[in-house]
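In what follows, residues are counted from 1 in the order of the sequence shown.
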Amino acid sequence: MSIALIRPKTLCAWKGPSLLIVNTRGDCGDDEPLAGYYFRETRFLRTLRFEVNGDEPWLCESASLEPATLAFTYAYPEVAEYGGGGSGQSGDEVPTDAHGIPQRAVTIYLTYAVQLDGFTIAATIANHSSRHRVDCDLGWSVDADFADIQEAQSGKREQNADVETTTGATGIALIYRHTRLRYRSSLEVIAHADWTITPSRIATRVSLEPQTSIELSLRISASTADGSSLPDDVDDRDRVLRAWRNSFAHVAIPGNRTAELLIAKNIRDFASFPLLEGDRDEWLALQAGMPLYPALFGRDTLTAGWQAAWVDRGQSLDASLTRLGRLQSDRIDKWRDEEPGRIPYQVRRGPLALLEINPYGAYYADFASPFMFVIALGHLYSWTGDVAVVRRHWDTVRRILDWARSYGDRDGDGYLEYQTQSSKGTKNQGWKDSGDAIIYEDGTPVPAPLGTCELQGYWFAAQQLAAVMSWALGARSDARGHWRSAMALKKRFNLDWWIDDDACVALAMDSGKRPVPAVSSNIGHCIATGIVGKEHLRAAVGRLFAPDMFSGWGIRTLSTEHRSYNPMSYHCGSVWPVEQATIAFGLRRFGFDARALELAEALFDLAQVYPEHRIPECVGGYARGDRPTPGAYPQANTPQLWNATAFPLIVHTVLGLQPVAPFHLLAVSPALPAWLPEVMLHDVRLGDAKATVRFWRDANGESHGEVVESRGTFRLVQQPPPESISVNLGDRLRALFDTVRH
């Protein structure tokens, strides 16, 4: 299979609020505008360049060892005097450079280990010459600019100030002299005593006898925005992170080790994204992705949390709900698009947000995040069975529902519409948030106020789950009210939004309540939420898999037949991996098993195109039969949080997991394809119980499940999804019999 590289000139390492971006040599410099060390989206180090005798050593290898660690191997000097076979010298005399150092005598192994409050550089320098002592100068050139990561990305500074440099016996301090920001970046020597320190360089001279080595270390630390030191509870936060990771369920796939590794790699990335900020019960809230989104995005952290809920029993989801609930708005603020009850769309912490040059310190112009809050809480309850958890977040849910009925439905027609108020806000507030995502047939952007189809689906699902949770809380009258409201919305939606000629729902309704016809991936969200009526499901699914929509890698965001189709756009023809998992989930929910497995296989194949199995933010819409790789959006982010958790959701979908923790019950409906003949879920938690569950495909192609071992009350029953339109009573009875038999 082909290999495609995304952002091939840079490498990233991250942990919590710390992010290091270097070029493939391991340096930060002008050749890569985004390079540097960032803390809370502020660039505390702009230049970091390692030199030997004032020269760059020869790069032999770059490696990403794990999300928080990078490593680089160099040789010095690389004297280009070849002549033998390959790239060695032809005679027995080893060439030397101007300093008398034999060719390739010195090797340097650098590791960058990113921590929560900075990063450490460890260097091992070895002299491999058998006869010559080596004397050389080693040093790092450094500086800082304290740019916001969004400024680094755009290449345009919107805030600036002088940087003061002070030196001491063991390091350098770089201090931002902004009137409102007093960032301080500290570089301290850890090992080796004889350093020469200037305002822009830390250097030392080493002498190495033949076959000896020396180790050097530097520590780079960040500060708060006022220049004060960071809290000293790093070890405590690390312990919480380790305990969370150690609690994970894990997957074994004996018949397909490639798939097993792919899932493990993506779960490893999921495990790397906690922000580890705020109050203790918020530490596991997740940031959205590297390198561009090292921040809390409401819908991203909630979507990822419910997608991976079987992995960690919803622990990160609970932290995200807690953090976002505390940020729920109780006022109207047009600059931030705040309205009472709204949940943040994004929470940025860089200089632009702190100085309110943009409104993203806590920005609310998004309809997906509030409804995803309710949906995510429903998933959390299904895995934990803990009514106390629901009760703890219930006031937030109640205010979201109130907001949707008042501010969300601007004209009182029962549908949701959005209109941005902020002068620097986001126009589109649905799933697709780019400015040109919602368009008429002639390619003209639909003006606000408008509502998109998937938002009506989110609103429907949120009301259904609010009904279930209200019932669990004993509020039976409220539960009936939420359910009736949801079903009334579904009935009207299927009358008003369905377009027979397109065999799908309208993309949106404009301010004149005219449907905007466009065949788009948004309908997949509508299927997943359950708002599409049974009478339209088969036609809608068929439309998604027509050649103009299904590229072979996934469902395109917009049909190739649309005038505005562009395979390299953000939302007008590209393929979003996270959408594929959502759509596959919906397909299995309603009994379209073969189509769900087709999407699952496409997503697994797509992941094998990229190193570390990290699918970028969105890939191109080119047909799989036309070229070996799909292309990618020009500034695609990778790794992306919710792409990583798309794979746990695919596992959830293929196995047909239906957790009902209040009754200690896990209903399953495995539909294992030939390429996944057996799947083992080890230590999956349901309520207070834990079990290892085996799923397998027999010689007749039928799939089964059984509990191998369990602790606590853990009941497994085989049963197709309750809303499947492809099963009958006989199918359900046979599934129950299979449960008893195994």
Please report the closest heavy-atom contact between [X] and [Y], naming both atoms and the distance.
X	Y	result
Thr426	Asp433	CG2-O, 3.3 Å
Ala661	Tyr381	CB-O, 4.1 Å
Val374	Met469	O-CE, 3.7 Å
Gln456	Leu416	OE1-N, 2.9 Å
His536	Asn494	CD2-OD1, 3.3 Å
Leu544	Gly524	CD1-CA, 4.0 Å

Answer yes or no: is there a side-chain heavy-atom contact under 4.5 Å between [X] and [Y]?
X	Y	result
Glu338	Tyr363	no
Leu716	Val668	yes
Trp459	Asp409	no
Phe545	Met549	no
Val251	Trp310	yes
Thr396	Ile343	yes
Leu377	Val397	yes
Phe297	Asp366	no

(message) Which residues pass the side-chain contact (heavy atoms from CB on, under 4.5 Å) test with Asp478, not counting sequence neighbours?
(response) Ser470, Ala475, His482
(request) Could you tell me which residues satisfy side-chain contact (heavy atoms from CB on, under 4.5 Å) with Asp496, sequence neighbours excluded, listed by chain and number? (result) Tyr415, Arg492, Met509
(request) Please assess Val660 against Leu666 for the test side chain to side chain contact (heavy atoms under 4.5 Å, CB included), listing each intermediate value before the final yes or no. (result) CA-CA 6 Å; Val660 194; Leu666 180 64; over 6 Å; no
Any donor-acceptor pair under 3.5 Å linking the side-chain atoms of [Y] with those of [X]?
X	Y	result
Gln328	Arg342	no
Asn428	Tyr418	yes
Asp688	His664	no
Asp318	Gln315	no
His571	Thr557	no
Thr420	Asp337	no
Tyr293	Gln346	no
Asp510	Tyr440	yes

Does a salt bridge link [X] with [Y], judged by any charged N lying under 4.0 Å from a carboxylate O?
X	Y	value
Glu417	Arg410	no
Asp395	Arg398	yes
Arg543	Asp502	no

(message) Are Tyr570 and Trp576 an aromatic pair, judged by ring center distance below 6.0 Å?
(response) yes
(message) Please confirm whether the ring centroid of Phe647 lies under 6.0 Å from the ring centroid of Phe270.
(response) no
[X] side chain to [Y] backbone, donor-acceptor under 3.5 Å:
X	Y	answer
Gln718	Ala667	no
Arg313	Gly687	yes
Ser724	Pro720	no
Arg595	Leu587	no
Ser574	Pro567	no
Asn643	Pro639	no
Arg589	Thr529	yes
Thr645	Gln307	no
Arg476	Trp471	yes
Glu617	Asn637	yes

Gap separating the [atom1] atom of [X] from the [atom2] atom of [Y], nearest 0.5 angstrom:
X	Y	atom1	atom2	value
Leu296	Ser320	CG	OG	6.5 Å
Ile253	Leu681	CD1	CG	9.0 Å
Ile499	Cys504	CD1	SG	6.0 Å
Ile615	Leu606	CD1	CG	4.0 Å
Ile650	Arg588	CD1	CZ	11.0 Å
Ile438	Gln429	CD1	CD	11.5 Å

(request) Please determine if Arg685 forms a cation-pi arrangement with Trp383, meaning its NZ or CZ atom is less than 6.0 Å from the six-membered ring centre and no more than 45° off the ring axis. (result) no
(message) Let's go through Ile555 and Gln580 carefully: what are the C-alpha distance in whole Å and the side-chain angles of both, what is the deciding distance for side chain to side chain contact (heavy atoms under 4.5 Å, CB included) to 0.1 Å, and is it a yes or a no?
(response) CA-CA 7 Å; Ile555 305 296; Gln580 312 314 307; 3.5 Å; yes
(request) Let me know which of Tyr458, Tyr345, Trp403, Tyr407 forms a ring-ring contact (aromatic ring centres under 6.0 Å, His included) with Phe367. (result) Trp403
(request) Please work out which of the three classes, parallel, tilted or perpendicular, describes the rings of Phe585 and His379, given edges at 30° and 60°. (result) tilted
(request) Quick one: sort the Trp431 and Trp642 rings into parallel, tilted or perpendicular, breaks at 30° and 60°. (result) tilted
(request) Could you please spell out the steps behind the side chain to side chain contact (heavy atoms under 4.5 Å, CB included) verdict for Ser669 and Gln719? (result) CA-CA 6 Å; Ser669 180; Gln719 192 59 213; over 6 Å; no
(request) Output all residues satisfying side chain to side chain donor-acceptor pair (under 3.5 Å) with Thr653, sequence neighbours left out; order by chain, then residue number. (result) none
(request) Would you mind telling me which of Arg556, Glu454, His525, Lys432 makes a side chain to side chain contact (heavy atoms under 4.5 Å, CB included) with Ser520? (result) Lys432
(message) Please determine whether the number of non-hydrogen atoms from other residues, nucleotides or ligands lying under 6.0 Å from atom NZ of Lys513 exceeds 12.
(response) yes
(request) Decide yes or no on side chain to side chain contact (heavy atoms under 4.5 Å, CB included) for Ile725 and Arg538, but give the supporting numbers first. (result) CA-CA 10 Å; Ile725 65 172; Arg538 294 190 189 280; 4.0 Å; yes
